[in-house]
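Here the structure is a predicted model, which means the values were calculated and not measured. Numbering of residues begins at 1 and proceeds along the displayed sequence.
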Amino acid sequence: MRHVLTRHEQGATHAAQGYARTSGKVGVAIATSGPGATNLVTGIADAQIDSTPMVCITGQVASHLLGSDAFQETDIIGISTPVTKWNYQITKASEIPVIMAKAFYIARSGRPGPVLIDITKDAQFEFFDFAYEKCKGVRSYQPVPVLDMAQVNEAAAAINAAKQPMIVWGQGVILGEAEEEFKAFVESSGIPSVWTILGLSALPTAHPLNMGMVGMHGNYGPNLLTNECDVLIAIGMRFDDRVTGNLATYAKQAKVVHLEIDPAEISKNVHADFPILGNCKESLLALTKLVHHKPLKEWKGRFAAHMETEYETVIKDDKLPTKGGLTMGEAIVAINKYTGGDAVIVTDVGQHQMITCRYAEFIRSKSNVTSGGLGTMGFALPAAIGAKMGAEDRHVVAVIGDGGYQMTIQELGTIFQTGAAVKIVVLNNDYLGMVRQWQQLFFDKRYASTEMTNPDFVMIAQGYNIDAQRVTERAQLDAAVKEMIASDKPYFLEVCVEKEANVFPMIPTGASVSDIRLQ
């Protein structure tokens, strides 16, 4: 068993998340009682909304002191109940084997999620005859619904009748280990496919039927054509508001097929005309046998035409600028060049996250690690440590903004102590860039508390014995990224980018996906 001492309990949860996301296993975080336990809550909430399997173990005061406001006593069971899949307090040592077995079973089964086990001090000190038996089921808990072939047949008929179908896939494809089944379904049907942020990397970026990203900063065509498709096939995604925009105008013309493991998600936000409950690994296999291949030449051509418009208006200037300062897109292009699309890329939250998700290239699954539903600044640095430990044979590149980086910067100490060969890229614009963008576009440039006065990041990294350099000019970027990726040690690279650049396309909050702006 390998134990890693992080510098903060929140860092431990994010590292456990990163490990889970790249390995496909359950991440584990351990903390003491009181403030140690409460410091886990942000990471637990992040794991809950992003369906990440994690077991958190917390210490607690002795059972006879419970409820007495003893030193470092906190009701972590009550605090964590809204953000865990299950939690439990152990007061007798004899409970430990069965409860831990149950915890790991619940965390990884069905729709994964975080579990918290609180163990009182006296239970930790007790002796008993230990015996462990793996948990194979919990009464009244059915993690995977039984596939209903009638649902599959009805959905297949609707898909076969469609003239302008579109697939939207999410992280459920990855969590269900259904990448091969999903690829077979896409290729057998010939249907253009688009992804949510957490679904990114389930299908190679360069696949001819991969049409790009949906959502607030997604691609132009996928968003516009959401409101023009006649059948929308949603696979392992939950219709988050950042994907749908205004629900009153979202895909109202389309029949919706929804493949989902969690019954609570069916028709929660968007009505499902054809729900298919089950693990998508199984349901995709059944659906593929029934769906006919369609050329859809004209329909696919519309995606291509919109992409050409977006390229000329936005992408070209992001990735191949001819004037002005360095762009975030240029940095991602350089990372793609020297990793060949085979790196794990971990992002924090903000403009850099959207740019990275838009332009990163991936050739295999479990390569995109980011905080999706909760949007946790400070996620990336510790998550990258865990991601590296879950995928030791791969390059792991953390792309972080200067704001989020400083929220968990102490985890440089964990990298220093463990030697985890994480490559850290801080895209520094001296702003909380996403908030500044909103202040510029929607509040007449009334900038408030978004400009950052930053320390010398290179000097700080070097203080932790991490190789580091700063890039301020376009001519320096390529060589710096090449050196970073070639290193077999931890490496820090600060890229000073344009201060007031914006991320486009963009759907204004509360607007329809059809209202997507290119500038």
Are the ring centres of W169 and F182 closer than 6.0 Å? yes
Using side-chain heavy atoms (C-beta onward) and a distance below 4.5 Å, is L224 in contact with V513? no
Closest non-hydrogen atom pair between A107 and P53, with its separation: O-CB, 3.3 Å
Could you check whether any side-chain heavy atom of H8 comes within less than 4.5 Å of a side-chain heavy atom of T6, counting everything from C-beta outward? no
Nearest heavy-atom approach of I485 to K423 is O-NZ, 3.4 Å
Search all heavy atoms of N368 against all heavy atoms of C357 and return the closest pair with its distance. OD1-SG, 4.1 Å
Check the pair F239 / H258 against ring-ring contact (aromatic ring centres under 6.0 Å, His included), numbers first and verdict last. CA-CA 10 Å; F239 292 108; H258 194 178; 5.2 Å; yes
Would you tell me whether N39 and Q10 have side-chain atoms, one donor and one acceptor, within less than 3.5 Å of each other? no
Looking at E392 and R2, is any side-chain nitrogen of the basic one under 4.0 Å from a carboxylate oxygen of the acidic one? yes
Hey, are N227 and S514 close enough side-chain-wise for a donor-acceptor pair under 3.5 Å? yes
Would you check if T313 and Y311 make a side-chain contact, meaning some heavy-atom pair closer than 4.5 Å? no
Does a donor on one side chain sit under 3.5 Å from an acceptor on the other, for Q171 and D50? no
Side chain proximity check, L116 to W86, heavy atoms < 4.5 angstrom: no
Between the side chains of Q519 and N502, is a donor N or O closer than 3.5 angstrom to an acceptor N or O? no
Do S367 and R394 meet the criterion of a side-chain donor-acceptor pair at a distance under 3.5 Å? yes
Do the side-chain N and O atoms of E500 and Y447 include a donor-acceptor pair separated by under 3.5 angstrom? yes
Salt bridge check, R242 against D240: does any charged N sit closer than 4.0 Å to a carboxylate O? no
Indicate whether any N or O donor in one side chain lies under 3.5 Å from an N or O acceptor in the other, for N87 and T81. yes
Go through the steps to decide whether M237 and V243 satisfy the test side-chain contact (heavy atoms from CB on, under 4.5 Å), and finish with yes or no. CA-CA 10 Å; M237 55 86 74; V243 166; 4.0 Å; yes
Closest contact, heavy atoms only, V83 versus V41: CG2-CG1, 4.5 Å
Tell me whether the count of non-hydrogen atoms from other residues, nucleotides or ligands lying under 6.0 Å of CD in Q462 goes above 12. yes
Could you tell me if the side chain of V214 sits less than 4.5 Å from the side chain of T244, heavy atoms only? no
Is the shortest side-chain heavy-atom distance between V194 and M213 below 4.5 Å? no
Q437 and Q351: side chain donor to acceptor below 3.5 Å: yes
Apply side chain to side chain donor-acceptor pair (under 3.5 Å) to residues S487 and D467 and explain how you reach the verdict. CA-CA 9 Å; S487 173; D467 292 341; 4.7 Å; no
Is any side-chain heavy atom of I345 closer than 4.5 Å to one of V369? no
V115 and T84: CA distance, side-chain angles, deciding distance, side-chain contact (heavy atoms from CB on, under 4.5 Å) verdict: CA-CA 5 Å; V115 169; T84 50; 6.0 Å; no
Between CE on residue M211 and NE2 on residue H207, distance to nearest 0.5 Å: 10.0 Å
With heavy-atom distances below 4.5 Å as the criterion, would you say the side chains of H352 and I332 are in contact? no
Parallel, tilted or perpendicular: rings of F457 and F492 (30°, 60°): tilted
Tell me whether F442 at atom CZ has more than 12 heavy atoms from other residues, nucleotides or ligands lying less than 6.0 Å away. yes
Say whether D348 and Q353, considering side chains only, have a donor N or O and an acceptor N or O under 3.5 Å apart. no
Looking only at side-chain N and O atoms, does S365 offer a donor or acceptor that is under 3.5 Å from a partner on E179? yes
Indicate yes or no: does E330 engage R474 in a salt bridge with an N to O separation below 4.0 Å. yes
If you measure from OH on Y220 to NE2 on H306, what distance do you get to the nearest 0.5 Å? 6.5 Å
Without hydrogens or angle criteria, can the side chains of T450 and Q439 be said to hold a donor-acceptor pair below 3.5 Å? yes
Can a side-chain donor-acceptor contact be found between Q440 and R436 if the only test is distance below 3.5 angstrom? yes
Take atom CD in E312; do more than 12 heavy atoms of anything else shown fall under 6.0 Å from it? yes
For the student: nearest non-hydrogen atoms of V503 and M354, plus distance: CG1-CB, 3.9 Å
Taking atom types as modelled and ignoring hydrogens, do the side chains of D318 and Y359 form a donor-acceptor contact shorter than 3.5 angstrom? yes
Under a 3.5 Å threshold, yes or no: a donor from one side chain and an acceptor from the other, between E483 and Y491? yes
Electrostatic pair K337:D478 at N-O distance under 4.0 angstrom: yes
May I ask you to decide whether E265 forms a salt bridge with K268, counting only side-chain N to carboxylate O separations under 4.0 Å? yes
Between A272 and P275, which heavy-atom pair has the shortest distance, and what is it? O-CD, 3.8 Å
If we ignore angles and hydrogens, is there a donor and acceptor under 3.5 Å between the side chains of E177 and N279? no
Go through the side-chain N and O atoms of D46 and T376 and say whether any donor and acceptor fall under 3.5 Å apart. yes
